Asks: 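Dumping the structure here so I can ask a few things about it.
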Amino acid sequence: MADPNRTVVVSDGSNDASAVSGAAAGVQSSPKGEKGAGTDPSKMDQQTLAAVLQFLKNNKLKDAEAALRREAKLPDGSGDSAGSSRVATSGEVSSVLSAYESEGDLARYCEYYNSLSSFIESSLDAHKHELGCLLYPVFIHMYLQLVYNRHEKEAHKFFNRFSVEQEDWHQEDLRTLSTVKTREQMEGNDLMDTFRSSKFVLRMSRDSYQSLRRYLKQNEHRELLSILQDHLFIDVFDGVPRNREQVQATSGAMMGEARRDANKVKVLYGLPKEPDINVPLDDDDEGVEGEDKPKKKKQKKDLLLNKNKKADPNAPPPSRIPLPELKDADKLEKVLSWKEGLKRVPLGRENLPSICFYTLANAYQNVSAVGVSEDSSLLAAGFEDSNVRVWSLSPQRLRTMRNASELDQLDKEADDIVERMMDEKTAADSWLLHGHTGPVYSTSFSPDREQLLTSSEDGTVRLWSLHTYSNLVVYKGHNYPVWDVQFSPTGYYFVSRGHDRVARLWGTDQFQPIRMFVGHYSDVTCIQF
């Protein structure tokens, strides 16, 4: 039962708080069948205290009764004298306890919800759209209270009757909610824990809020007031009420809108400065003798490579995101990529992109994840039997490194040392990787195509070497299945996300996450740099 003196606290544009008092709003406790007969709140408190004392006395809990009397500074009730504390009669005790028993009454919940819905529908058009946001959280918590109080049949009828009236963007959450039909199913359910532990956030103009206050003053809806107090956070602002388009633009989240103080931290959304790369001109870039084209092409190329020389004021400082120094091979890769970009044909109606499809035939283990390297030379597929297979999509076959004794005999100063390290005898079209103990949900190649990341139902992320086709590191931090993992464009950092509603930022050389991004109310199902 909601306390008759309960207060609904809301935030407004100023530093003070607005409040709707239960007693001032006309939510007064009265005996059953006497609607509108107000009861003094102090008298109601005395009746409740007397009912508890009577309960303790009837059950012969003398020590508890004596302790309560001492705390309440009441005289000893052993003598039943005129000056002793007033003892509630059986009728008064039933009257006090009946309010607790009626919280799960389907008729009252339907009455309250219908009343709130009718009030919103009859409100002015300027207030209707903001007030309409109240229906969804009130519906959710009324249904959960019915289920929690073991009124399963009434909860089922209540859900079927009013769920169709909710907005389209809530239907997915309602389908999940419809699977919770008993009190036991609420325990340990992530969605239920979210609804019960977090408050639904609503932004409302002061005029709309005043309209809601007038409605609460004219009706005795203790259960509705209890839901507003315990499970809603109403952020009141001064200004014109929002229209339907403005309300819909911020609606649809599981727990309502973002709080006003949620987005005050400055976001550094700029790109870091590109490292300096000196690009030598090839012979074919010099052009025909006597023409001025080589100078223009050189200038164009310099502009392309140096387009991010200036520091972006919106970018984080270099010390905040330390990156490993680029190797010569990485610099050469960037140079080749930029040169290829100069030759790229603009896409259009006359120049359509080419598309190549691949089919995994005879995949008896059911493919659960597929990833392709940036240059489309490698393909990795994860399977439900926990295996990962890597294919070559180019004429060059996949090879592993030579053994240690053969590597010692190689010339370390040779320009093609990487090529010499590979063993031609091990060349194959694909390699199978073993290590996970559950279905593989995601794969991601490093930009240099030397490493592969995979995530799995077993709650781990694994780093694989594409030189030895073996597992290098197992990253453990997620408590539940890891749905996705992605390498950063730099190849050093990567990010993972999973069923535990947390995204984690890692470095390939560290076993613990560098950053944890928390705050989501359900699974993080997609992530990207």
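What you see is a predicted model; the values in this text were computed from it and never measured.
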Asks: Would you call Y209 and L202 a side-chain contact if the rule is heavy atoms closer than 4.5 Å?
Replies: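 Result no, sub-4.5 Å side-chain heavy-atom pair not found.
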
Asks: With distance as the sole test, does T359 use its side chain to make a donor-acceptor pair with the main-chain N or O of A361 at under 3.5 Å?
Replies: no

Asks: What are the two closest heavy atoms between G239 and S205, and how far apart are they?
Replies: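 Heavy-atom minimum between the residues: O-CB, 3.8 Å.
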
Asks: Establish, yes or no, whether a centroid distance under 6.0 Å links the rings of F159 and F139.
Replies: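 Yes, ring centres under 6.0 Å apart.
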
Asks: Counting C-beta onward and ignoring hydrogens, is there a side-chain heavy-atom pair between T508 and L453 closer than 4.5 Å?
Replies: no

Asks: Can you name the closest pair of heavy atoms from L452 and V390 and give their distance?
Replies: CD2-CG2, 3.9 Å

Asks: What I'd like to find out is whether the side chain of Y136 reaches to under 4.5 Å of the side chain of L174, using heavy atoms alone.
Replies: yes

Asks: So, taking the atom named CH2 in W431 and the one named CG in L378, what distance separates them when rounded to the nearest 0.5 Å?
Replies: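 The CH2 atom of W431 sits 14.0 Å away from the CG atom of L378.
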
Asks: How long is the straight-line distance from CD of Q171 back to CD of E167, given to the nearest 0.5 Å?
Replies: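 The CD atom of E167 sits 9.0 Å away from the CD atom of Q171.
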
Asks: Locate the shortest heavy-atom distance separating S430 from W391; write the atom from each residue and the value.
Replies: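 Here S430 and W391 meet closest at CB-CD1, 3.5 Å.
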
Asks: Just jot down the side chain to side chain donor-acceptor pair (under 3.5 Å) partners of Y493, sequence neighbours excluded, or say none.
Replies: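 Partners of Y493 under the side chain to side chain donor-acceptor pair (under 3.5 Å) test: none.
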
Asks: Are V524 and F517 close enough that some pair of their side-chain heavy atoms sits under 4.5 Å apart?
Replies: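 They are not in contact (no side-chain heavy atoms under 4.5 Å apart), so the answer is no.
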
Asks: N243: what forms a side chain to side chain donor-acceptor pair (under 3.5 Å) with it, not counting sequence neighbours?
Replies: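 By the side chain to side chain donor-acceptor pair (under 3.5 Å) rule, N243 matches no residue at all.
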
Asks: Any side-chain heavy atom of V201 within less than 4.5 Å of one from M255?
Replies: no

Asks: Between E130 and R242, does any NZ, NE, NH1 or NH2 come within less than 4.0 Å of an OD or OE carboxylate oxygen?
Replies: yes

Asks: Got I227 and M142 here, is their nearest side-chain heavy-atom distance under 4.5 Å?
Replies: yes

Asks: Can you name the side chain to side chain donor-acceptor pair (under 3.5 Å) partners of R150, sequence neighbours left out?
Replies: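 Listed in chain order: E184.
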
Asks: Between atom CE of M422 and atom CZ of R402, what is the distance when rounded to the nearest 0.5 Å?
Replies: 9.5 Å

Asks: Would you kindly say whether S496 and W506 are connected by a side-chain donor-acceptor distance under 3.5 Å?
Replies: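 Distance-only check passes for S496 and W506.
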
Asks: Carefully, step by step, assess Q451 and L466 under the rule side chain to side chain contact (heavy atoms under 4.5 Å, CB included).
Replies: CA-CA 5 Å; Q451 297 171 332; L466 298 183; 5.7 Å; no

Asks: Go through it in stages, so that I can follow the logic: the residues are Y358 and L360, the test is side chain to side chain contact (heavy atoms under 4.5 Å, CB included), and I'd like the CA-CA distance, side-chain angles, deciding distance and then a yes or no.
Replies: CA-CA 7 Å; Y358 293 92; L360 300 179; 6.0 Å; no

Asks: Can a donor-acceptor pair be found, under 3.5 Å and without considering hydrogens, that links the side chain of D458 to the backbone of T460?
Replies: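 Here the side-chain-to-backbone pair exists.
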
Asks: Would you name the heavy atoms of E165 and S117 that are closest together and state the gap between them?
Replies: OE1-OG, 4.5 Å

Asks: Let me confirm one number: the OG-NE2 distance from S208 to H129, rounded to the nearest 0.5 Å.
Replies: 10.0 Å

Asks: Flag the pair R399 and D423 as a salt bridge only when some basic side-chain nitrogen lies within less than 4.0 angstrom of an acidic carboxylate oxygen.
Replies: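 Here R399 does not pair with D423 in a salt bridge, since their nearest N and O are not under 4.0 Å apart.
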
Asks: Check side chain to side chain donor-acceptor pair (under 3.5 Å) between Y113 and all other residues, then give those that pass, not counting sequence neighbours.
Replies: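 Testing Y113 for side chain to side chain donor-acceptor pair (under 3.5 Å), a comparison that skips the adjacent residues, returns Q166.
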
Asks: Any idea which heavy atoms bring G348 and L352 closest together, and the distance?
Replies: O-CD2, 3.3 Å

Asks: With salt bridge (charged side-chain N to carboxylate O under 4.0 Å, His left out) as the rule and sequence neighbours excluded, what pairs involving residues 371-393 come up?
Replies: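 Counting only pairs at least two positions apart or across chains, the salt bridge (charged side-chain N to carboxylate O under 4.0 Å, His left out) contacts touching residues 371-393 are D375-R449.
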
Asks: With a 4.5 Å cut-off on side-chain heavy atoms, are V461 and S455 touching?
Replies: yes

Asks: Do any N or O atoms from the side chain of S442 and from the backbone of V485 form a donor-acceptor pair under 3.5 angstrom?
Replies: yes

Asks: So, for Y441 and W483, which heavy atoms are closest and what is the spacing to 0.1 Å?
Replies: CE1-CZ3, 3.3 Å

Asks: Would you check if there is a donor-acceptor pair between the side chains of Y109 and E154 at a distance under 3.5 Å?
Replies: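 No, Y109 and E154 have no side-chain donor paired with an acceptor closer than 3.5 Å.
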
Asks: Under the side chain to side chain contact (heavy atoms under 4.5 Å, CB included) rule, what do H231 and F200 come out as? Steps first, then yes or no, please.
Replies: CA-CA 6 Å; H231 303 290; F200 195 93; over 6 Å; no

Asks: Report yes if the side chains of L232 and L134 come closer than 4.5 Å at any heavy-atom pair, otherwise no.
Replies: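 Yes - at least one pair of side-chain heavy atoms lies under 4.5 Å apart.
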
Asks: What's the verdict on side chain to side chain contact (heavy atoms under 4.5 Å, CB included) for T194 and M254, showing C-alpha distance, side-chain angles and the deciding distance?
Replies: CA-CA 9 Å; T194 299; M254 180 182 295; 3.9 Å; yes

Asks: Taking N387 for its side chain and F383 for its backbone only, find out whether a donor-acceptor pair lies under 3.5 Å.
Replies: no

Asks: Tell me which pairs pass side-chain hydrogen bond (donor to acceptor under 3.5 Å, both in side chains) where either residue lies in residues 463-476, with sequence neighbours left out.
Replies: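 Sorted result for residues 463-476: T454-W464, R462-N471, S465-T468, T468-S470.
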
Asks: Using modelled atom types only, decide if a donor and an acceptor are shared between the side chain of S368 and the backbone of G382 within a distance under 3.5 Å.
Replies: yes

Asks: Quick check: does any side chain N or O of S456 sit under 3.5 Å from a backbone N or O of H436, one acting as donor and the other as acceptor?
Replies: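 Checked: no pair found.
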
Asks: Is the backbone of R397 close enough, under 3.5 Å, to the side chain of S392 for a donor and an acceptor to pair up by distance?
Replies: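 No, the answer is negative, given that no donor and acceptor are paired below the 3.5 Å cut-off.
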
